[in-house]
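Data block below; observations after.
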Amino acid sequence: MSNRWTELTGDTSGEDYAARFAALARSGKDVHGEASLCAALVPAGARVLDAGCGTGRVAIRLTELGYDCAGVDVDASMLAVARKQAPALPWFHADLATLDPAALGIAPGFDLVVAAGNVMALLAPGTESTVVRRLSEALRPGGLLVAGFGLDAAHLPVPPALTLADYDAACAAAGLTPVDRFATWDAAPYDGGGYAVSVHRRPDSTG
């Protein structure tokens, strides 16, 4: 089953996506909110997996801030841009629903896994719980999963399907516990609106 992103773009939108964010940056917009929030959650030097990394915007910025980053995405056109912009970083082509870090040569034990850019809302329907479980397994005990995605038509390029209740249930099934929820990557309090950034923790080995 193809994911909703592939159905939307045909996996050919890498250059256009990068150009859009470059234009936003030139206009003075802050395009690094995701990286800033991640940096507030774990200290510099932490290992971060950018899940659904796209053109690498978040991982590249976090690397600049002193983090040890890797990125994985299903869209080869997006990864081509990431590799061109940051050839020294490890970029992996894989579907999050079948993600096997060991098979890709990725060491487990990430301090934080981030899924930005509506990644969770653009998965193949029915795979959300599987993806959450696989991302949880990539975390070290005590590590954080941070995911931001739209919940209504105003915040998504496709009809909304994944609810916060569904996402929380997937996290609970994967053994993750809720830590915080924000309305934006600037950490504004969540007020029930159409976009949410959720932080969940994998329990540490002592419970």
Side-chain angles (χ1 to χ4, degrees), residues 32-54 56-73 89-92 94-121 123 127-149 151 162-190 195-207:
H32 297 304
E34 301 98 329
S36 296
L37 179 59
C38 292
L41 294 171
V42 290
R47 294 186 67 221
V48 176
L49 178 63
D50 188 355
C53 63
R57 178 173 51 86
V58 178
I60 291 170
R61 177 58 177 164
L62 283 170
T63 299
E64 293 171 348
L65 296 174
Y67 291 82
D68 179 7
C69 297
V72 59
D73 203 278
L89 290 186
W91 306 108
F92 299 93
D95 190 325
L96 296 180
T98 56
L99 179 64
D100 182 352
L104 294 173
I106 305 175
F110 285 91
D111 298 293
L112 185 146
V113 174
V114 57
N118 280 322
V119 167
M120 296 304 304
L123 297 170
T127 67
E128 296 89 354
S129 291
T130 298
V131 169
V132 170
R133 175 172 53 82
R134 290 186 179 274
L135 297 182
S136 173
E137 290 169 352
L139 289 167
R140 67 165 174 79
L144 299 174
L145 173 61
V146 185
F149 56 92
L151 302 163
L162 180 64
T163 67
L164 280 180
D166 292 336
Y167 180 70
D168 286 343
C171 288
L176 300 170
T177 58
V179 174
D180 218 330
R181 175 158 286 148
F182 307 110
T184 66
W185 289 97
D186 296 330
Y190 183 66
Y195 190 89
V197 180
S198 304
V199 183
H200 288 76
R201 186 185 304 277
R202 178 178 174 178
D204 64 35
S205 56
T206 62

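Here, residue 1 is the first one in the sequence, and each next residue gets the next number. Computed from heavy atoms alone, side chains included, the values below leave out hydrogens, waters and symmetry copies.
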*When rounded to the nearest 0.5 angstrom, what is the spacing between CG in L49 and CG in L112?*
9.0 Å
*Could you state the interatomic distance from CZ (R133) to CD (E128), rounded to the nearest 0.5 Å?*
13.5 Å
*Does D180 use its side chain to pair, donor to acceptor, with the backbone of V199 at less than 3.5 Å?*
no
*Enter the distance from E137:CD to D100:CG here, rounded to the nearest 0.5 Å.*
9.0 Å
*Check whether any side-chain heavy atom of L99 sits under 4.5 Å from a side-chain heavy atom of V72, and report yes or no.*
yes
*Nearest non-hydrogen partners of T177 and P203, listed with the distance*: CG2-CG, 4.5 Å
*How far apart are the C-alpha atoms of T184 and V197, what are their side-chain angles, what is the distance that settles it, and do they pass the side-chain contact (heavy atoms from CB on, under 4.5 Å) test?*
CA-CA 6 Å; T184 66; V197 180; 5.8 Å; no
_With a 4.5 Å cut-off on side-chain heavy atoms, are L144 and V114 touching?_
no
*Once you round to the nearest 0.5 Å, how far does CH2 of W185 lie from OG of S36?*
11.0 Å
_When you measure from the side chain of Y67 to the backbone of A39, do you find a donor-acceptor pair of N or O atoms at a distance under 3.5 Å?_
yes
_Under 6.0 Å between ring centres: does that hold for Y167 and F149?_
yes
*Indicate the atoms forming the closest heavy-atom contact of G56 with W91, along with that distance.*
CA-CH2, 3.6 Å
_From S198 atom OG to L176 atom CG, the distance as rounded to the nearest 0.5 Å_ = 11.5 Å
*Residue pair A196 / Y190: nearest heavy atoms and the distance that separates them*: CB-CE1, 3.7 Å
*Please answer whether the main-chain N or O of D166 pairs with a side-chain N or O of T163 as donor and acceptor at a distance below 3.5 Å.*
yes
_Show the nearest heavy-atom pair for residues A138 and V113, with the distance to one decimal._
CB-CG2, 4.4 Å
*Between the side chain of D204 and the main-chain N/O of G142, is any donor-acceptor distance below 3.5 Å?*
no
_CG-CG distance between L62 and D68, expressed to the nearest 0.5 angstrom_ = 11.0 Å
*D111 and salt bridge (Lys or Arg N to Asp or Glu O under 4.0 Å): which partner among R47, R140, R201?*
R140
*Check whether the side chains of S136 and R202 place a donor and an acceptor atom closer than 3.5 Å, and report yes or no.*
no
_Exercise: identify the closest heavy-atom pair between L104 and A94_ = CD1-CB, 3.9 Å
*asked:* Looking only at the side chains, is there a donor atom on one of T98 and D95 sitting less than 3.5 Å from an acceptor on the other?
replied: no
_Is the shortest side-chain heavy-atom distance between L139 and L135 below 4.5 Å?_
no
*Would you say the side-chain atoms of D50 pair up with the backbone N or O of A59, donor to acceptor, closer than 3.5 Å?*
yes
*With the side chain counted from C-beta on, respond yes when L89 and T63 share a heavy-atom pair under 4.5 Å apart, and no when they do not.*
yes
*Hey, are the side chains of M120 and V132 touching, using non-hydrogen atoms and a 4.5 Å cut-off?*
yes
_Residue pair F92 / D73, side-chain heavy-atom distance below 4.5 Å_ = no
*Determine, step by step, whether E34 and R57 satisfy the side-chain contact (heavy atoms from CB on, under 4.5 Å) criterion, reporting the C-alpha distance in whole Å, the side-chain angles of both residues, the deciding distance to 0.1 Å, and the verdict.*
CA-CA 9 Å; E34 301 98 329; R57 178 173 51 86; 2.9 Å; yes
